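Hydrogens, waters and symmetry mates play no part in the numbers below; they use all other heavy atoms, side chains included. Letters go in sequence order (proteins before strands), and every chain restarts at 1. Source: prediction; values computed, not measured.
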Amino acid sequence: MTFAQAINEALAEELRRDATVFIVGEDVAEAGTPFKVLSGLVEEFGPQRVLDSPISEAGITGLGVGAAMTGMRPVVDIMFGDFLTLVMDQLANQAAKTHYMSGGRLKVPLTVRTTMGATRRSAAQHSQSLHAWVAHVPGLKVVLPSTPADAKGLLKTAIRDDNPVVFIEDKMDYAVKGEVPDGEYTVPLGVADVKRAGEDVTIVATSSMVRVALAAAEQLEADGISAEVVDPRTLVPLDRDTLVRSAQKTGRAIVVDEGHRGYGASAELAAVIAEDAFWSLDAPVRRLAALDVPIPFSPPLEDETVPTPDLVAQTARELVRG
Amino acid sequence: MTFAQAINEALAEELRRDATVFIVGEDVAEAGTPFKVLSGLVEEFGPQRVLDSPISEAGITGLGVGAAMTGMRPVVDIMFGDFLTLVMDQLANQAAKTHYMSGGRLKVPLTVRTTMGATRRSAAQHSQSLHAWVAHVPGLKVVLPSTPADAKGLLKTAIRDDNPVVFIEDKMDYAVKGEVPDGEYTVPLGVADVKRAGEDVTIVATSSMVRVALAAAEQLEADGISAEVVDPRTLVPLDRDTLVRSAQKTGRAIVVDEGHRGYGASAELAAVIAEDAFWSLDAPVRRLAALDVPIPFSPPLEDETVPTPDLVAQTARELVRG
Amino acid sequence: MTTTAPGTPIAAELALEMYGRMTLIRLFEEQVNELYRSAKMPGLAHLYIGEEAVAVGVCSALRRDDWITSTHRGHGHCLAKGAEPGRMFAELLGKEAGYCRGKGGSMHIADHENGNLGANAIVGGSAGIATGAALSASRRGTDQVAVCFFGEGALGQGVVYEVMNLASLWALPVIYICENNLYNEYTHYLETTAGEILARPRAFGIEARAVDGQDVRAVYATTAELVERARAGEGPAFLVANTYRYHGHHVGDIDRSYYRSEEEEQLWREERDPLIVLGSWLEDQNHVSAGDLMRVGQEARTEIERGLAFALDAPFPDPSEVTEDVYA
Amino acid sequence: MTTTAPGTPIAAELALEMYGRMTLIRLFEEQVNELYRSAKMPGLAHLYIGEEAVAVGVCSALRRDDWITSTHRGHGHCLAKGAEPGRMFAELLGKEAGYCRGKGGSMHIADHENGNLGANAIVGGSAGIATGAALSASRRGTDQVAVCFFGEGALGQGVVYEVMNLASLWALPVIYICENNLYNEYTHYLETTAGEILARPRAFGIEARAVDGQDVRAVYATTAELVERARAGEGPAFLVANTYRYHGHHVGDIDRSYYRSEEEEQLWREERDPLIVLGSWLEDQNHVSAGDLMRVGQEARTEIERGLAFALDAPFPDPSEVTEDVYA
Ligand SMILES: Cc1ncc(C[n+]2csc(CCOP(=O)(O)OP(=O)(O)O)c2C)c(N)n1
Ligand SMILES: Cc1ncc(C[n+]2csc(CCOP(=O)(O)OP(=O)(O)O)c2C)c(N)n1
Ligand SMILES: [Mg+2]
Ligand SMILES: [Mg+2]
C-alpha cells in the first residue's frame, strides 16, 4: 500500500481502539487534508473525532496540549512543516516542558503530525524540513518515517506514547508504495533500522533521503562498492549504537538529511559518529543536506537544493577511493 | 564599562547617526527593559523612536519586517530568548526569505535583540538558549557577543547590515565589565576572535561560555596545559577557518555552548572541526553544552545543567592526557 | 490612479479603466489555468477569477507609491497594482525574466517598483509587514498608505489581531482588506469563524466597513474614503469585501462537489460577475457602447498574448543562481 | 465548593470561608516577599496581594474537579483552588517536597489533584491549554469546566483570539478570566490596549461581563452564573475583573514612581481592599463579629507559619534528579 494509506490505517486503527484519540486540523474532515491522507476518517468516526479547524495552528496545538493533559490523545494536523514556525511556543514552551516542570505529575500524550520535503515546486514557504528545531527541544520525541511499514507502526506507537511526539512525513513519500504487515503491529521509537547491509561505507539517511541513499547504493554496487544504509527512524530518542557500530564496521560514513545543512540534524548525526566511531574512521564523516538557501521556485534552481542519488554515490566513491 | 552599558551605547550611537533606526519592544521606554539595558534612550530620542509595545512578540517582529522593507532600520526587542518561539514565523518565513524570494529586489535590514542563558533561577520558560534554531535558517545572521567591546561593535554592525540579524545577549553577561575602545568603531560579522592563544587544546566557546572557557584555561595553565580559546562571535556567517586552523594546530578541540546539546549549535561547530581538521585531530572533538532537560528551577538541579570551568578543564585534561 | 472625494460619482474613464484591468486579470488567470492543464507551469496556482473587482477597486484608489501586501491568491492584486503580465507569467514559469528572477513563483510575486511588497504563502503572514510599512510611512513623514489583502481564513491567525491592535494604538495608515470568498480552502468560513467579522476590527477601535466585492465602483468608492482617512492621519481601517472564487482553491481543485454546489457557483458566475455588473452599468448609463467594451477586452487579450509569448520564450535562470540573493 | 443560582444572596458561611482564603493568600504573599528580602528564596516572584478577591471569588464557584490554568502571578489561584501553603512554599524554595519537586518554582506551580493545570511563565501561554481541557471535558461527557486566568496584558497575544474563536465555535465549557490590574509590567494597559476589552470576546460571540475584582461576593456570583451556563452546554464566557496589585510587578520592583503614583497605590489599598470590603460587609450585616474575623485571620496565620516551617526544613532534591521527568 502507499505511505499515505499506511498513515490513514494507523489513524483509523488507533481511533477505533481508543475513544480518547481524536484528530484536529485544517481541512482534515470531508477534504481529508489537501494530501488526501485522511480520506474516509470523518465518515467512519464523525466530526466529533475528526475536527475541521480554523486556520489557527497555534490555537489547535495549544488545544491539543490541554486536551492531552486532561485525558485525551489528540493528533494535531499541521498541514505543512513550514507552519511549525507558528506552533513552536505551544510545542517547546508548553508541550515539551509540562511533564518536567510539574515534577512528573502532568503528562502530555500529544501527537503532532506534519510534513517536510522540497522539489514539489512549492517555493520557500511550503518546502522546508524543520525537524532539527523540534529535535533540539528536550521533552519532545521526533519521528521521521521512511517507508509505509515504518510509518504505520511508528505512528501507532507515537499516538500511544505518553509524551508529545512530532511525527514528520515527507510529502514526496505519500505516493510511494511498500509492503505493510497484515494485522496489528507497532514499531518502537528509538530503534534504527538497517535498510541495506554493506561493508565499505555507511550511509545514514533520514526520511525520503533513505530512498535516495538506497538508489545510490544500487549505483555503488555496480562499481563494486558495498554501502550500508542506516535509517535512524527517530531523531529523538536516537539509536546512537546502531549508527556508530555501522560506522565502526565500514570506517566511512555519510549523513544524508533533507534539512538545511547549517546547524541541522545532519550535524548532530555526524557529530555522534565522529565522537563515538572516531578511532575506526578512515576519513571524515561527510554531510549531505539541503543547500543553505531558501527553497527557490524555479525548477532548475530547486533541483540543486536537495541531495540526489548521484551526489550521494559520488560522495561515497570519493570516501572509499580516498 | 558593563556589557549592558556597551549595548546601550551602541544603540544610542546608531539612533543618533541614522534617523531610520528605531526601537520597539515591551517596556523598552521609561522602564528601559526589565534588565535596564535601554535606560535613558527614550529620554534622549523620544517615544516616536523608542516604542513601548503591547505583549505581542509576533506582531512587533512582523511590524519590524515591514518597516525594514520600506526604508527603516528597526531594532526589535524580544525580552527573553524563550519568546523566540513566538516569532519564528516572522523570522524564518518572512524576514529570512524576503530578499531571496524577491530575487534580490527587497531587503530586510532588521535587528532582533534577544537574550539567552540559564542559572538565574528563572525556570524552564525563561532560561533557554535557542540560537541553534535561528542559525539553521538561511537568510538570517546570528550574533553571540561575549564581551562588552564585541557587543558594542557587533551591534552597530548588525544595525547597519542590510539583512535580518538576530543578536543574542546572555543575561548573565549584562553586569560583566570590560574595556571598550573610545569613539566610533565596529566589529565585522563573520570574524572569530582568539580570546586566548594556546598550544595544547582548542576550546571553541560561544557567548557567556567564553568566560567559562577562559576560567578553565587558567586552571589548565596551572597544570601546564596551554589552552587556546576561540570565540566565533557570529554563528552565521561562521568563520570556519579560524576554528579549523586552531584545531589543526592543537590537534584537540572542545566546543562549549549553552544551548541544549542535542541538535544544538555545538553539533555544527564540532562537525565543522571534525570535517576540516580530521587529519590533524589526535582525539574526537568533545561537546559540552546544556543538559538535554528543560531548565529546572531548584538551584542544586539548575547548577547541573550548564557547563562549568571545572567541567571544561576536566574535559581538556582528559583530551590532552588521553 | 487618483482618489475621489466620498460619494463623488465615478468618472466613466475611470470605470472603463477598471473594466480593462478586471478583464486583464480574468484573461491572465484563464491563461494560468491553461498553463497548468497543459503541464507547462510548475507547481500550482490559486486563481483570482471572480474576485477581480476587489483588487481593482482597491488599487484604483491607491497611488503608485502606496504599498500593498498580497496573498497566495495574489495575481489579481499584482496586476491591479500595475504589474506587467509578461514578467508575471515569466515568474510563474520560473524564468529569469520574472519579477523575482523565478525564485518566488506564483505565491511570492513582489513588484516593489509598483509598491507590491509581495504575495505571501503564509495565511495572515503579511499582516505584520503591511502594518510595519504603515509605521514606516508615518515615521518618515510621507502620506503613503499600506493596504493588506487577506482572505477571511486569515481571521484565524492571531497575529492579525496583534497588529490591528498596534495599528489602532498608533493610528497607522494601514487598511486591512478582508476578501471574504466564503471558503478557507475546502471549508466554509461559517464553520471556522465565530461571531461577526466586522465586530473583530471594531473591538480594536478600527473603522470597519463591508462592501459588495462584485461591484468595483462600490469597492473603489469605499476604499477611497478609507484611504483619505488614513492619509489624513485618522488611522487604520478594515474593509470586508464579499466575493467568490469561481474556480477551485487551486488549479488542481476540480471536484468541489463535497464542499459546495454547482448551483452556488452558477449563481455567482451569472448574477454577480464583476465584469457583467460593471459592463451593464456602463452601457445602461450610455457611458460606453458594447463596442467600447469589446475594444477594451481586445486590448487586454493582446497584452496577455504578448506577455505569454514573452514568458514562454524566456530562458530559465542558470542553476548557479541558486546560491545568489540569500544575503543582501 | 457549591454554586448558587444567579442573584442568590451568598450565605455567611461561604463569605467567611472566602474571607479566610483571601487572608491566607495575603499572608502567604507577605511571607514570600519576606523570603525574597531575606534572600531565602531563589529567583523572583510576582505577588498577588490586592487581587485576592478574583482568585477566591472565581474558585469558590468551581468544583474540585474543575480545572484552572494560571499565570506567572499564580500563587493566589493555586491557594484558592485548594493547594497547601506548605508544599507551595517548598516549591518556591526549590525543595523536593514542593508540588513540582522543586522543578517548577513560583512560575510553574501545578496541583493537578485540585485541578490546577499549572502556572505559566508565557503570557497567554495557558489559553490553549484551558480551552483544550474544556474540549476534553465535553468529549469525555463530564460536566467539568475549565477556567483560564490571565492578566490584561495577555490580550496582546494572538493565540488568545485563536482559542476564543475555537471555544465559541465548539461551545466549549471554558471561562476566560481577565485580571485587569491596569499594568503590563511597567506600562499602563491603556498604552497597549486599543478599543474596548469586552468588545474583543464579544466579537467572537462569547458572553462577556465585567466585575469589581475587589468585591469577592460579586466575583463569586458572576462566576457562578457563567459556570452554570458552561456546565449546561451554553458555551464559553469571558469575565474581566478590575483589580490592582499593591506591590511591584515582581518582588524586586521597588521604585515604581516612574510608572505609577503613590496616591494611586494608596487609594486602592485604603478604599478598595478586598479584605476590608468583605470584612465590613460581614460585620455590617451582623453575620459575624470582629472577633470571628480575627479568629479566621489567626487560623490562616497559623497555617502559613506551619507551612513555612515545613518548607524551610525540607531538603533540596538530589542533583541526580535533574535528568528525571524529562519523558513520561
Ligand atoms: C499559516 C497557514 N496555514 C495554512 C495554510 C494552508 N492554506 C493555504 S490557503 C488556505 C486557505 C486560505 O483561505 P482564505 O484566507 O480565505 O484565502 P482564499 O484561499 O479563500 O483566498 C490554507 C489553509 C497556509 N498557507 N498558511
Ligand atoms: C509571551 C511573553 N512576553 C513577555 C513576557 C514578560 N512578561 C512577564 S509578565 C509580563 C506582564 C504581564 O502583564 P499582565 O498579563 O497584565 O499580568 P500581570 O503581571 O499584570 O498580572 C510580561 C510582559 C512573558 N512572560 N511572556
Ligand atoms: Mg477564503
Ligand atoms: Mg496586568
Heavy-atom pairs under 4.5 Å with chain C: which of B:Gln90, B:Lys107, B:Lys97, B:Met69 has the most? B:Met69
What part of C:Ala110 is in contact with chain B, defined as an atom under 4.5 angstrom from a non-hydrogen atom: side chain, backbone, both or neither? side chain
Heavy-atom donor-acceptor pair, C:Tyr327 side chain to B:Tyr100 backbone, under 3.5 Å: no
Residue-level interface, residues 46-63 of chain B with chain C, non-hydrogen cut-off under 4.5 Å: B:Gln48, B:Leu51, B:Asp52, B:Ser53, B:Pro54, B:Ser56, B:Glu57, B:Ala58, B:Gly59, B:Ile60, B:Gly62, B:Leu63
Segment of C:Asn120 engaging chain B (4.5 angstrom heavy-atom cut-off): side chain
Spacing of C:Arg101 atom CZ and B:Arg105 atom CZ [to the nearest 0.5 Å]: 7.0 Å
Give, for atom OG1 of B:Thr20 and atom CZ of C:Arg140, the distance between the pair rounded to the nearest 0.5 Å. 9.0 Å
Partners passing ring pair (Phe, Tyr, Trp, His ring centres under 6.0 Å) against B:His131 (at least two apart in sequence or in another chain): none
Which portion of C:Leu117 sits near chain B, non-hydrogen atoms under 4.5 angstrom: both
Please state whether the side chain, the backbone, both or neither of C:Leu169 comes within less than 4.5 Å of a heavy atom of chain B. side chain
At a heavy-atom separation under 4.5 Å, does C:Ala130 approach chain B through its side chain, its backbone, both, or neither? neither
In terms of heavy-atom proximity below 4.5 Å to chain C, should B:Asp162 be classed as side chain, backbone, both, or neither? both
Could you check which of C:Glu91, C:His112, C:Glu113, C:Met164 has the highest count of heavy-atom pairs closer than 4.5 Å to chain B? C:His112
Turns out that what part of B:Val236 lies under 4.5 Å from chain C's heavy atoms comes down to side chain
Measure distances from B:Val108 to the heavy atoms of chain C and classify the residue's part below 4.5 Å as side chain, backbone, both or neither. neither
If one checks every heavy atom of C:Val322 against chain B at 4.5 Å, the contacting part turns out to be both
Do any N or O atoms from the side chain of C:Ser136 and from the backbone of B:Thr70 form a donor-acceptor pair under 3.5 angstrom? yes
Region of C:Val159 in contact with chain B, defined by heavy-atom distances below 4.5 Å: side chain
